[in-house]
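Each remark here refers to the structure printed beneath this line.
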Amino acid sequence: MKILDYTFYKRSTVLAAKGLLGKLLFHKTKEGMASGIIIETEAYLGENDPASHAARKKTPRNSAMFEYPGISYVYFIYGNHYCFNVVAHNGGAGAVLIRALEPYEGIELMRKRRAKNNLKELANGPGKLTQALKIEREHNKLSLIESNLRIYDLGIKIKEEEILKTSRIGIKAGKELPYRFFLKDNPYVSKK
DNA sequence: TGCCTGATCGGCT
DNA sequence: GCCGATCAGGCAC
């Protein structure tokens, strides 16, 4: 089991979004560790993607998307929730939104944080998985290679035909772009 | 300085 | 299926 290195993130955002399926998102805190297998992602590109925070100018909020690949981009949304993204691009800007996890380790801790018992309800949505893994504002712009927030390669091989693609969820502009990717028949996807 | 809106969730009908 | 919670960033004035 090895940590993904910079070369994984320094390539097209769409390829990284597909490549992250089957990888393990891991977070260690004082409470303990928790992790889950990434089973649903969305790609958000730079200036030519109207749905992306990076479609406009660099600001304090979206600045992570313009920085070097392999760091986190965490933002607060709807007054209630955090969303976790992985910065991945080949120059310019871009990030991959992690939309759902299959719980792997630290399941009791996730149950406690989520106040839910059902395994399927622990991390089957972008706001849910940040709550389950305790990813918050302070975890913005962390190195996913050198911090306690990491992504591992478990050696799971995903075949092209196991990846389904649709338009992205919850956006207004850019609905025609097929940048949402998830694993076929996986019971932990956020929406059908 | 003020207003508007969002890459969501969960509870209620 | 619909709607309210809740707040900070971004932009208009």
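Below, all heavy atoms of this structure are taken into account, side chains as well, without hydrogens, waters or symmetry copies. The chains referred to below are lettered A, B, ... by the order of the sequence lines, with proteins before strands, and numbering in each begins at 1. All values reported here derive from a predicted model rather than from experimental measurement.
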Considering every strand and a 4.0 Å limit on heavy-atom distances, what is the contact class for A:Gly79: base, sugar-phosphate, or nothing?
base
With no angle test and no hydrogens, is the base of C:dT6 tied to the side chain of A:Asn80 by a donor-acceptor pair under 3.5 Å?
yes
Answer yes or no: does a side-chain N or O of A:Lys128 lie under 4.0 Å from OP1 or OP2 of B:dG10?
yes
Evaluate A:Phe181 against A:Leu20 for side chain to side chain contact (heavy atoms under 4.5 Å, CB included), listing each step before the verdict.
CA-CA 10 Å; A:Phe181 306 99; A:Leu20 281 166; over 6 Å; no
Under 4.0 Å: is that the gap between some side-chain N or O of A:Arg114 and OP1 or OP2 of B:dG10?
yes
Using purine N1 to pyrimidine N3 plus N6-O4 or O6-N4 for Watson-Crick, or N1-O2 and O6-N3 for G-U wobble, both under 3.5 Å, which nucleotide pairs with B:dA7?
none
Taking only side-chain nitrogens and oxygens of A:Thr59, does any of them come within less than 4.0 Å of OP1 or OP2 of C:dG10?
yes
Taking pairing as Watson-Crick or G-U wobble with both contacts under 3.5 Å, can you name the mate of C:dT6, or confirm there isn't one?
none
Where each residue is assigned the nucleotide of DNA chain B containing its nearest heavy atom, which of A:Glu121 and A:Ile171 is assigned the position nearer the 5′ end?
A:Ile171
Determine the Euclidean distance between corresponding P atoms of C:dA5 and B:dT13; express it in Å to zero decimal places.
14 Å
Atom-pair distance (CG on A:Asn140; C1' on C:dG9), nearest Å:
13 Å
Atom CD of A:Glu42 and atom P of B:dT8 are separated, to the nearest Å, by 8 Å
Testing the 3.5 Å rule here: is there a donor-acceptor pair between the side chains of A:Lys141 and A:Ser63?
yes
Does one side chain, of A:Arg111 or A:Asn117, offer a donor that lies under 3.5 Å from an acceptor on the other?
yes
d(CZ, A:Arg113; C1', B:dC9) in whole Å:
19 Å
The answer to which of A:Pro60 and A:Phe76 contacts DNA chain C further toward the 5' end, by nearest nucleotide, is A:Phe76
Pairing donors with acceptors under 3.5 angstrom, does anything connect the side chains of A:Gln131 and A:Arg113?
no
Quick one: A:Asn62 CG to C:dG10 P, roughly how many Å, whole number?
6 Å
Rounded distance in Å between the P positions of B:dA7 and C:dC11:
14 Å
Could you check whether A:Lys18 pairs with A:Glu160 (Lys NZ or Arg NE/NH1/NH2 to Asp/Glu carboxylate O, under 4.0 Å)?
yes
To the nearest angstrom, the NZ-P distance between A:Lys191 and C:dG1 comes to 11 Å
Are A:Tyr73 and A:Tyr75, when compared by the centres of their aromatic rings, separated by less than 6.0 Å?
yes
Atom-pair distance (NZ on A:Lys175; P on B:dG6), nearest Å
11 Å
In whole angstrom, give the distance that lies between atom NE2 of A:His53 and atom P of B:dT8.
9 Å
Going by modelled atom types, is there a donor-acceptor pair between the base of C:dA8 and the side chain of A:Tyr75 at under 3.5 Å?
no
Could you state the NE2-C1' distance from A:His81 to B:dA7, rounded to the nearest angstrom?
12 Å
Is the ring centre of A:Tyr78 under 5.5 Å from the base ring centre of B:dG6, and are the two planes under 30° apart, so that they stack?
no
Integer angstrom distance from the P of C:dC13 to that of B:dT5
13 Å
How would you label the contact of A:Arg61 with the nucleic acid (heavy atoms, under 4.0 Å): base, sugar-phosphate, or nothing?
sugar-phosphate
